[in-house]
Undergrad: 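Below are the structure tokens for one structure; questions will follow.
Only heavy atoms go into these numbers, but all of them, side chains included; no hydrogens, no water, no symmetry mates.
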Amino acid sequence: MKIGNGTAVMVAIVLLLGGCGTEPGRDAPTSSSSTPASAPAAGKGGDNPDDINGDGFADLVFSNRNQETPPDLTIVYGSKDGLNPQTRTVVTTADFGFDHVSNAGTADMDSDGFADVLIYGFPVGAYRGVLHLLWGGPKGVDPDARPTVIQPPFLEPNSSYAGVPGDFDGDGNGDLAMGVPRKGTSEEDLAVLYGPFTREGAPRRHTTQPGPGDWPFSHLVAGRIDGRHATSLLVHSGTDGGQMPSWLFEGGPDGLSRDARELNAGNSSAFGDFDGDGADDVVVADDGNRNGEPGYETEPPQVEGVMTVYFGGAGRAPQVFKNIRFAQSMVAGDYDGDGQDDLAIDRGSDGVELFHGEATGLRRDGKVIRRLGPYRDLTPEQRTQTPFDDPEELLDILNKTRPAGPWAAADYDGDGRDELALAWFAPDLPAWEGSVRSLWWITDGSRDESTFDTDGW
């Protein structure tokens with residue numbers, strides 16, 4: 001599985017570090033806003049869970065991260081030449097009454113052959129987030145159409161309803177897993193809404209079962225829909241700042257299992273078929289967070305700096321990597337087209353490390369991809385008004401927020417191999433106040449197939 005007027009931007013140091021040396025520096029992507037955006041060519045539909053306009057190519061979805069600016073959701077459409085930044089849809093979700101949004105994934109939720117976009121939106125003045133659907137179609141998402149509210153099993157005031165799409169019963173229809181509040185407690189139950197969904201946001205059926213652990217869920221991670229088998233679900237326990245356990249629910253013809261397997265503590269995870277046997281594997285790792293209380297600056301030795309791969313094939317013992325330090329996030333995909341998924345992990349200021357899939361599992365060979373966003377200095381006013389004791393401390397943080405991280409993986413050009421999308425977002429810091437700019441590199445792990453800059457979109 002594959003779990004405006006444009007001006008040249010500032011030069012960024014771009015290095016590809018690997019076992020064989022260092023690539024020369026390159027310019028950062030230049031602005032794509034000089035060419036007006038256009039709608040994609042009309043597609044006929046298909047079974048790709050990432051193909052919103054149904055033309056056979058996966059599409060890229062992202063939202064801006066600056067919560068002080070109007071919330072936008074952007075779709076860049078794929079083509080035979082890969083992602084085309086001039087073929088895009090930008091949805092201004094503030095027009096729908098949202099204070100901020102995030103995209104929760106794509107899947108064909110109504111079984112019409114076009115992937116739909118699941119967004120998690122907070123209405124202005126609301127205390128809880130609500131899941132909505134933007135419907136895909138031959139021309140992609142209609143930017144003026146109001147999103148459809150997902151109808152959960154029940155509504156509890158001041159509770160949030162986050163979720164992820166999957167195909168948990170393997171019938172080819174998009175499903176949705178979400179946490180729902182357990183009445184009278186601070187804990188959550190696990191609800192699964194099975195598709196296809198109506199255009200009013202109602203599922204065909206739903207199930208509710210007790211959630212694992214004693215905490216509310218912090219986040220859910222689902223296996224990639226591939227049309228061949230049921231996807232599994234990983235439920236991460238809520239966190240007090242440190243690494244917390246997660247539970248694996250297996251998918252099957254009847255839906256998600258009632259029983260779950262507890263995995264090693266770690267807040268970062270991803271599904272993939274790393275050994276190429278056709279079964280879902282899942283990897284869990286330390287994401288570097290600590291709760292900061294006295295005596296809790298570290299984690300137990302079986303957790304701190306540890307990444308564990310759990311294989312879906314029968315009889316395979318977990319694979320354990322020690323001393324990875326941390327993995328802020330992970331994205332799995334088959335970047336070299338050998339039938340075994342590879343893993344990209346976000347090492348923060350240390351770049352993006354690639355682990356290669358092979359028959360025995362993941363292999364670590366020290367390959368690191370490093371792409372940097374532009375540098376911006378502090379203004380004289382910011383130097384005197386910085387909330388930090390020393391402006392140089394803020395400049396150090398600005399430099400540490402320049403590396404791009406893994407965002408998504410899919411086959412954007414239809415060549416049968418996944419491409420890895422690396423993204424840099426303008427940080428929520430004084431030097432970038434109000435900016436929603438992002439830079440993107442689409443790579444196969446060895447070379448950049450395309451790049452673009454959203455400045456001016």
Side-chain angles (χ1 to χ4, degrees), residues 3 162 164 179 186-188 190 211-223 232-249 259-272 274 280-312 316-332 341-355 357 361-370 393 396-397 400-401 403 405-407 427:
I3 294 257
V164 293
S186 60
E187 300 169 9
E188 284 189 307
L190 177 61
D214 299 325
W215 291 72
F217 309 156
S218 64
H219 60 290
L220 308 175
V221 179
S232 297
L233 179 75
L234 197 64
V235 177
H236 283 268
S237 176
T239 175
D240 63 351
Q243 302 304 299
M244 299 293 283
S246 57
W247 287 265
L248 177 63
F249 290 84
D259 299 320
R261 175 185 180 186
E262 184 175 353
L263 306 186
N264 194 34
N267 298 338
S268 186
S269 62
F271 282 93
F274 304 116
D280 264 355
D281 310 318
V282 64
V283 56
V284 177
D286 180 357
D287 73 349
N289 284 330
R290 301 293 183 266
N291 68 13
E293 296 177 5
Y296 290 89
E297 290 84 359
T298 61
E299 293 283 347
Q302 71 271 21
V303 174
E304 182 161 10
V306 172
M307 183 173 79
T308 307
V309 185
Y310 298 88
F311 296 100
R316 292 291 308 274
Q319 184 182 20
V320 179
F321 293 88
K322 297 183 178 180
N323 302 318
I324 66 157
R325 291 183 55 209
F326 58 84
Q328 291 184 351
S329 63
M330 300 178 175
V331 171
D341 280 342
D342 312 303
L343 183 69
I345 68 171
D346 187 354
R347 299 286 302 280
S349 58
D350 292 333
V352 177
E353 184 173 359
L354 285 186
F355 289 69
L362 288 175
R363 171 173 52 86
R364 187 181 194 184
D365 59 10
K367 187 169 186 179
V368 176
I369 304 174
R370 189 169 172 81
E393 182 182 357
D396 181 57
I397 294 174
K400 289 181 177 178
T401 58
W407 179 264

Undergrad: So, D287 side chain and A327 main chain: donor-acceptor pair closer than 3.5 Å or not?
TA: no
Undergrad: Test of understanding: with side-chain hydrogen bond (donor to acceptor under 3.5 Å, both in side chains), list the residues that count as partners of Q319, not counting sequence neighbours.
TA: none
Undergrad: Can you list everything that forms a salt bridge (charged side-chain N to carboxylate O under 4.0 Å, His left out) with E187? Sequence neighbours excluded, please.
TA: R182
Undergrad: For a 4.5 angstrom cut-off between non-hydrogen side-chain atoms, does M330 reach V283?
TA: yes
Undergrad: Using every non-hydrogen atom in the two residues, find where I324 and A285 come nearest and quote the distance to one decimal.
TA: CD1-CB, 4.0 Å
Undergrad: Looking only at heavy atoms, what is the nearest atom pair of S232 and D280, with distance?
TA: N-OD2, 3.9 Å
Undergrad: By ring-ring contact (aromatic ring centres under 6.0 Å, His included), which residues pair with F321, not counting sequence neighbours?
TA: F355
Undergrad: Under the side chain to side chain contact (heavy atoms under 4.5 Å, CB included) rule, collect the residues that match up with P212, sequence neighbours excluded.
TA: F217, V235, W247, F249
Undergrad: Starting at CG of N323, measure out to CD of E304 and round the result to the nearest 0.5 Å.
TA: 9.5 Å
Undergrad: R261: which residues meet the side-chain hydrogen bond (donor to acceptor under 3.5 Å, both in side chains) condition with it, sequence neighbours left out?
TA: none
Undergrad: Quick one, L343 and V309 - any side-chain contact, counting heavy atoms below 4.5 Å?
TA: no
Undergrad: Sequence neighbours excluded, which residues qualify as salt bridge (charged side-chain N to carboxylate O under 4.0 Å, His left out) partners of R364?
TA: E353
Undergrad: Report the residues that fulfil salt bridge (charged side-chain N to carboxylate O under 4.0 Å, His left out) with K322, sequence neighbours left out, ordered by chain and then residue number.
TA: none
Undergrad: Holding to side chain to side chain contact (heavy atoms under 4.5 Å, CB included), I want the full list of residues that pass it with S269, two or more places apart in sequence or in another chain.
TA: V221, L234, H236, V284
Undergrad: Out of curiosity, S268 OG to I345 CD1, how far, rounded to the nearest 0.5 Å?
TA: 8.0 Å
Undergrad: Quick check against the 3.5 Å criterion: does N267 have a side-chain atom that pairs as donor or acceptor with the backbone of M244?
TA: yes
Undergrad: Is there a side chain to side chain donor-acceptor pair (under 3.5 Å) between Q243 and N289 once you walk through the steps?
TA: CA-CA 7 Å; Q243 302 304 299; N289 284 330; 5.9 Å; no
Undergrad: My understanding is that only residues two or more places apart in sequence, or in another chain, count here; which of them pass side chain to side chain contact (heavy atoms under 4.5 Å, CB included) with A344?
TA: Y335, V352, L354, P406, L420
Undergrad: To the nearest 0.5 Å, tell me how far D281 CG sits from D341 CG.
TA: 8.5 Å
Undergrad: For T308, check side chain to side chain contact (heavy atoms under 4.5 Å, CB included) against everything at least two apart and list the hits.
TA: N264, V306, Y310, P318, V320
Undergrad: Identify the two heavy atoms, one from T401 and one from P427, that lie closest to each other, and give their separation to 0.1 Å.
TA: OG1-CG, 3.6 Å
Undergrad: Only counting residues at least two apart or in another chain, list the ones meeting side-chain hydrogen bond (donor to acceptor under 3.5 Å, both in side chains) with D396.
TA: K400
Undergrad: Output all residues satisfying salt bridge (charged side-chain N to carboxylate O under 4.0 Å, His left out) with D286, sequence neighbours left out; order by chain, then residue number.
TA: R290
Undergrad: List the atom of S349, the atom of P403, and the distance in Å for their closest heavy-atom pair.
TA: CA-CG, 3.7 Å
Undergrad: Give me the atom names and distance for the closest heavy-atom approach of F274 to A332.
TA: CE2-CB, 3.9 Å
Undergrad: Rounded to the nearest 0.5 Å, what's the gap from OG on S246 to CG on L220? Could you check?
TA: 11.0 Å
Undergrad: Between E299 and G242, what is the shortest heavy-atom contact and its length?
TA: OE2-CA, 3.4 Å
